[in-house]
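For reference, the structure is listed below as structure tokens.
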Amino acid sequence: MTETDRQTFYITTPIYYANSDLHIGHAYSTVAADALARFNRLRGRRTFFLTGTDEHGSKNEEAARAAGVHPQEFVDRVVAGILRLWERLEISYDDFIRTTEPRHKRVVQEVFRRFHEQGDIYKSEYEGWYCTPCETFWLESRLVDGRCPDCGREVSRLKEESYFFRLSKYQDRLLRHIEENPDFIQPPSRRNEMVSFIKQGLEDLCVSRTTFAWGVPVPFDPDHVVYVWIDALTNYISAIGYASEDPERRKLFEEFWPADVHLVGKEIMRFHAIIWPILLMALGLPLPRRVFGHGWLVLDSGKMSKSKGNVIDPHVLIDKYGVDAVRYFLLREIPFGADGRYSEEALVNRTNVDLANDLGNLLYRTLTMVEKFSDATVPSPVADQDDGLLRGLLAEVVPEVERAMDDLQIPQALEAVWRLVNQGNHYIEDNAPWSLAKDPGSRARLDTVLYNLLETLRAVGALLLPFLPHTPRRIWDQLGLDPGALEAVRLDDIARWGQLRPGTRVRKGRPLFPRIDPKEALET
Ligand code: ME8
């Protein structure tokens with residue numbers, strides 16, 4: 001089946017640790033997944049968008065201890081803050097899974113029991129090195145100068161009775177799957193990393209701990225709790241009703257599994273492209289279609305981290321610039337799949353250039369002219385006066401947006417929409433409606449030019465639906481269209497030219513994005 005034929009779409013974000021408030025980097029993953037989910041709804045696919053929180057493990061337990069409260073109370077507080085942030089960013093998730101929920105814990109225990117029964121999990125003794133911040137065990141041979149090979153921090157010696165999962169048993173099957181499904185791990189640079197990691201040989205994975213208690217108990221050995229990754233990764237199936245007792249929920253699983261996209265940051269690629277597929281093979285389930293590892297938002301001072309004190313709070317940016325500007329910046333500025341620099345200056349610049357100048361001016365100038373030359377109503381186009389230019393470009397842009405979104409190339413999709421916006425602005429310059437208005441013989445041409453601009457804006461508004469939650473409604477409202485009707489718009493309708501009805505009153509409102517004075521904005 002090709003991408004175009006698919007009727008359902010299941011997309012996930014990582015489930016975020018509930019040990020502290022989220023920053024703009026976490027918001028980036030979730031906003032990107034939201035745009036992809038909204039786009040697939042716009043295409044008319046039944047879409048399921050899952051996000052949630054990873055609430056067990058020593059990190060969360062320690063954070064709760066530091067705050068002097070029970071871990072459950074601690075994570076409840078953090079989760080409330082995360083939900084508020086998603087509300088402000090208008091994240092359209094269909095479900096929010098918390099790993100402390102009974103519906104999740106039951107599945108974790110069931111999966112663990114099954115692995116044990118079929119001999120994939122065995123009990124042994126672990127002796128090695130452990131990196132607490134990364135929650136990862138390392139063999140001596142993997143350490144770099146005696147430190148964690150991932151983060152470079154100190155590791156500690158650990159000896160502990162643990163359960164292990166036989167990853168190596170599935171290694172060849174996984175390699176074959178990756179070779180036969182070139183789209184499975186994306187972008188290709190990450191696929192190559194994963195393949196060479198697997199080829200080094202997979203060690204059995206430690207899947208239980210006895211040194212902390214905040215987790216899902218191993219059902220047949222309650223001194224052990226299930227170690228984070230089996231607990232965390234399982235969310236992608238527990239949330240949609242895998243092994244549920246409720247037939248309605250099991251139907252959801254039948255409908256949506258396998259996931260179309262697991263969207264994750266590059267640092268957790270190994271868990272999603274190696275461990276998770278192996279767990280699924282052991283369960284006899286099909287593998288997700290794509291695991292996409294996106295890059296990081298980095299600051300001039302390096303990676304954002306609490307300890308460096310350089311985290312960017314998305315609430316502050318939303319207060320200052322509004323949710324549409326923040327989302328637009330994240331989606332447009334960062335090449336999807338690679339690292340991208342975050343700076344507030346770049347955000348201000350993007351807002352001013354793309355949103356205030358290009359898009360805002362196209363709408364404002366068009367409506368000003370419609371007010372002045374057409375009595376604030378949509379004029380009637382005249383067929384033999386039509387150059388078909390903007391209509392033709394729109395017919396190219398819609399499939400371009402579709403291709404880019406199918407390839408998970410979000411910035412390219414926005415670039416395509418802006419080709420239309422920019423062409424609209426050129427069209428004004430090239431046709432100089434103010435000159436046409438001076439010549440009564442050019443009335444038909446003037447009406448046609450204005451109509452074409454209005455239709456272009458109608459289409460641009462609809463094309464922005466996956467990316468910006470407010471702007472499409474504002475554009476449609478100013479064009480005299482019912483913003484409520486946007487909910488029913490489908491991608492295939494957008495390029496259909498001639499939807500605006502002549503005679504409809506337009507309403508020039510405030511400019512969509514007032515220009516920001518960079519000096520003033522960046523000083524506060
Ligand atoms: O890893 N730039 O949770 P987490 C871009 N619980 N994305 C960033 C980022 C940055 N600077 N910082 C974080 C965990 N992210 C596990 C996941 S999944 C079964 C379990 C994003 O709270 C990125 O998507 O540390 C990364 O993968 C995720 O936040 C990590 O969130």
Side-chain angles (χ1 to χ4, degrees), residues 11-34 36 50-61 63 75 78-79 81-82 85-86 89 91 96-100 104 107-108 111 131-136 150-151 190 215 226-239 259 261-277 279-280 288 291-308 310-314 329-331 333-343 408 410:
I11 183 165
T12 66
T13 70
I15 48 171
Y16 302 101
Y17 285 125
N19 60 349
S20 64
D21 292 339
L22 302 187
H23 57 61
I24 194 76
H26 304 108
Y28 173 63
S29 302
T30 310
V31 166
D34 185 61
L36 293 165
L50 178 69
T51 187
T53 38
D54 190 354
E55 303 186 11
H56 293 128
S58 52
K59 266 193 201 177
N60 293 336
E61 194 176 57
V75 295
V78 177
V79 170
I82 293 175
L85 177 60
W86 295 160
L89 281 168
I91 303 301
F96 187 99
I97 179 93
R98 301 183 56 182
T99 55
T100 50
H104 175 73
V107 174
V108 173
V111 162
C131 174
T132 312
C134 295
E135 304 208 19
T136 308
D150 270 358
C151 73
R190 310 249 189 269
V226 176
Y227 178 52
V228 284
W229 284 99
I230 284 198
D231 179 355
L233 290 162
T234 315
N235 90 86
Y236 301 130
I237 55 175
S238 69
V261 185
H262 288 315
L263 193 61
V264 299
K266 60 181 184 179
E267 82 291 356
I268 54 172
M269 207 51 194
R270 217 183 293 150
F271 298 100
H272 285 81
I274 300 177
I275 295 175
W276 179 227
L279 298 179
L280 289 166
V291 178
F292 188 96
H294 66 67
W296 284 337
L297 252 68
V298 288
L299 304 169
D300 286 335
S301 52
K303 189 167 192 259
M304 248 174 271
S305 81
K306 268 257 141 95
S307 52
K308 278 194 197 161
N310 61 355
V311 291
I312 305 292
D313 180 356
F329 169 75
L330 292 174
L331 296 171
E333 182 86 6
I334 318 295
F336 207 51
D339 286 352
R341 272 195 184 292
Y342 167 83
S343 76
L408 310 181
I410 302 176

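Worth saying up front: this structure is predicted, and the values here are computed from it rather than measured. Both counts, for ligands and for their atoms, begin at 1 and track the order of listing.
Among residues two or more places apart in sequence or in another chain, the side chain to side chain donor-acceptor pair (under 3.5 Å) test is passed with N310 by S301. Remark: F271 pairs with W229 by the ring pair (Phe, Tyr, Trp, His ring centres under 6.0 Å) rule, at least two apart or across chains.
When side chains are defined from C-beta on, D339 counts as touching K266, because their heavy atoms get closer than 4.5 Å.
Judged as a side-chain hydrogen bond (donor to acceptor under 3.5 Å, both in side chains), the pairs with a partner in residues 18-31 (not counting sequence neighbours) are, in order, Y16-T30, S29-H294.
Counting only distance, with no hydrogens or angles, the side chain of T99 and the backbone of E55 share a donor-acceptor pair below 3.5 Å.
Relative orientation of the F329 and Y342 rings is perpendicular, given thresholds of 30° and 60° on the angle between their planes.
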Between ligand 1 and the protein, find all N/O pairs closer than 3.5 Å and give the distance for each.
from	atom 1	to	atom 2	distance (Å)
ligand 1	2 (N)	L297	N	2.9
ligand 1	6 (N)	I15	O	2.8
ligand 1	6 (N)	D54	OD2	2.8
ligand 1	7 (N)	G25	O	3.1
ligand 1	11 (N)	L297	O	3.2
ligand 1	22 (O)	Y17	N	2.9
ligand 1	24 (O)	S29	OG	2.5
ligand 1	24 (O)	G265	N	3.2
ligand 1	24 (O)	H294	NE2	3.3
ligand 1	27 (O)	G265	N	3.0
ligand 1	27 (O)	E267	OE2	2.9

